[in-house]
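Input: a single structure, listed below in C-alpha cells.
Heavy-atom basis, side chains included; hydrogens, waters and symmetry copies ignored. Residue numbers start from 1 in every chain, and the chains themselves are labelled A, B, ... in the order their sequence lines are given, proteins ahead of strands.
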Amino acid sequence: MHLTLSACLPFSLRAVIDSHGWSQLAPFAVEAHNETLTRIECLSTGRVVELCIHETTGGASVEAKGRFTGAEREEVGYKVWWMLGLGQDFSPFYRRIRNAPKLAHVEPKAMGRLLRSPSVFEDAVKTILTTNTTWQGTIRMVEAIVAAHGTPLPTDPSRHAFPTPQQLAATHEAELRGLGLGYRAPYVLELAQHTAGGSVDLEALKELPDSEVRQRLRALKGIGEYAATSLMVLLGHYDHIPTDSWATKLVSQEWYGGEPVGREEVERAFAPWGEWKALVYWFWDWSS
DNA sequence: GGTAGACCTGGACGC
DNA sequence: GCGTCCAGGTCTACC
C-alpha cells in the first residue's frame, strides 16, 4: 500500500521526529538517519502492520506491505495525519515569533509540530510513564508494556503494536508492577479500564475547548498539573507550559541567575507570548 | 489553600 | 558487592 498525504506548509518530517522524545518510544522507530519514521500499528480490524513514513514534496507518504481495504487505507491516512499534525497551520505562530532572535531557527526549519500517538490513550499512558522518573526509565517502561501486551507483527513477532485499552484493561496491577511501572501501575490500569469500558472518552479531547480538556484530564488518576499540560500541548493547546524540574532549571538559569524558581516564574517568563507560550518555551534557544 | 510524606526505580556514590 | 542517598511528579492526609 502506498498513501500520499498533503501537509499545511511548511512541513518537515525531520522536525516532527526531532520535536521531542516520542520517536524513541515503542512502537515508533526512526531509520535511515532520521529520514524515515516507522511504527507498528494495530488497525481497528485487528490487523497489525508496519507503517513506513517518508517526507515528500508537500507532505508525507506512507508505505505498508500488503493489500489494504478502503477502510484500512482511510484509517491509516487519518492516524498518520494526526500523528504528524499535517493539518496544523503554524503561520500565525511564525508571524508572532518573527524578530525574536532566540526563535530565529524555528520557521526556517518548519518547527512547531510535535509528534503524537494515533490515540490520546497512548499519549496519556506514555505521559504517565514520564512522571517521576528518568527518560531512560520511560523508554524501559514503554518497551516493557508494548512487548508484554501489544499484538505482535505477523512478519516479525519481535515487534509489537501499542496495547489497546482492552488489552491493558485485561491485565492486573501486579503484572504491570512486574514490568517496572511501580506505583504508576494502578494509574495505567485504571485509565485502560475506564477507556475500554467507555466511561472515559479520551478521543473526544481532540475536539473540546481548552478548559474542558484540562478539567477532564485532571480528573484522571496519575495525571497531575504537569502531565495534563503536556497532553494539552500535544492536543494543540499552547497557552500553558508543562513545568517539570527541567523547565524550572532552564528558566532559573536563563532569567534568575540560578536561583530556585517555581511554576509561576516559568509561566511569567513566557507570559508575553500568550497563546503560543508552550511552543515558545519548547523551541527556545537555550544554548547560551 | 498549602504542606509533608509516601510511592518506585535506577543511578551515583561511599565503604 | 552492598548499602545509602537522591531525583523525578502525583496523591493523600493533615493543618
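Rounded to a whole Å, the CZ atom of A:R184 is 6 Å from the C1' atom of B:dC8. Between the C1' atom of C:dA7 and the NZ atom of A:K249 lies a distance of 11 Å, rounded to the nearest Å. Between A:Y226 atom OH and C:dG8 atom C1' there is a gap of 10 Å when expressed in whole angstrom units. If you measure from atom NZ of A:K126 to atom P of C:dG9, you get 19 Å, rounded to the nearest angstrom. C:dT12 atom C1' lies 13 Å from atom CZ of A:R218, rounded to whole Å. A:L191 places its CG atom 14 Å from the P atom of C:dT10, with the value rounded to the nearest Å. Counting to the nearest Å, the P atom of B:dT9 and the CD1 atom of A:I139 are 18 Å from each other. Between the CG atom of A:L181 and the P atom of B:dC7 there is a distance of 17 Å, rounded to whole Å.
Nearest-nucleotide positions on DNA chain C for A:K221 and A:T243 put A:T243 closer to the 5' end.
Enclosure of atom CD in A:E74 is not indicated, since only 12 or fewer non-hydrogen atoms of other residues, nucleotides or ligands lie within 6.0 angstrom.
Cation-pi geometry between A:R116 and A:W82 is met: the NZ or CZ atom falls under 6.0 Å from the ring centre, inside 45° of the normal. With a 6.0 Å cutoff to the six-membered ring centre and a 45° limit on the axis angle, A:R96 does not count as a cation-pi contact of A:F90.
Within the nucleic acid shown, A:I223 comes within 4.0 Å of sugar-phosphate atoms alone, with no base atom in reach, counting heavy atoms only. Residue-level contact check: A:E225 touches the backbone only, with heavy atoms under 4.0 Å from sugar-phosphate atoms and none from bases. No contact: A:L179 has no heavy atom under 4.0 Å from any strand. A:A227 comes within contact range of the sugar-phosphate backbone alone, with a heavy-atom separation under 4.0 Å but no base atom that close. Using a 4.0 Å heavy-atom distance criterion, A:G137 is classed as making no nucleic acid contact.
The side chain of A:N132 lies closest to B:dC7, out of C:dT10, B:dC7, C:dC11.
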Audit row: A:Q253, A:W286, side chain to side chain donor-acceptor pair (under 3.5 Å) steps and yes/no: CA-CA 9 Å; A:Q253 289 173 347; A:W286 298 99; over 6 Å; no
Salt bridge (charged side-chain N to carboxylate O under 4.0 Å, His left out) evaluation trace for A:R177 with A:E173: CA-CA 6 Å; A:R177 282 181 183 270; A:E173 184 182 324; 2.9 Å; yes
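In this model, the phosphate group of B:dT9 is not approached by any side-chain N or O of A:R140 to a distance below 4.0 Å at OP1 or OP2. The side chain of A:S245 places no N or O atom within less than 4.0 Å of a non-bridging phosphate oxygen (OP1 or OP2) of C:dA7.
Counting atom types as modelled, A:Y183 pairs a side-chain N or O with a base atom of C:dG9 as donor and acceptor under 3.5 Å.
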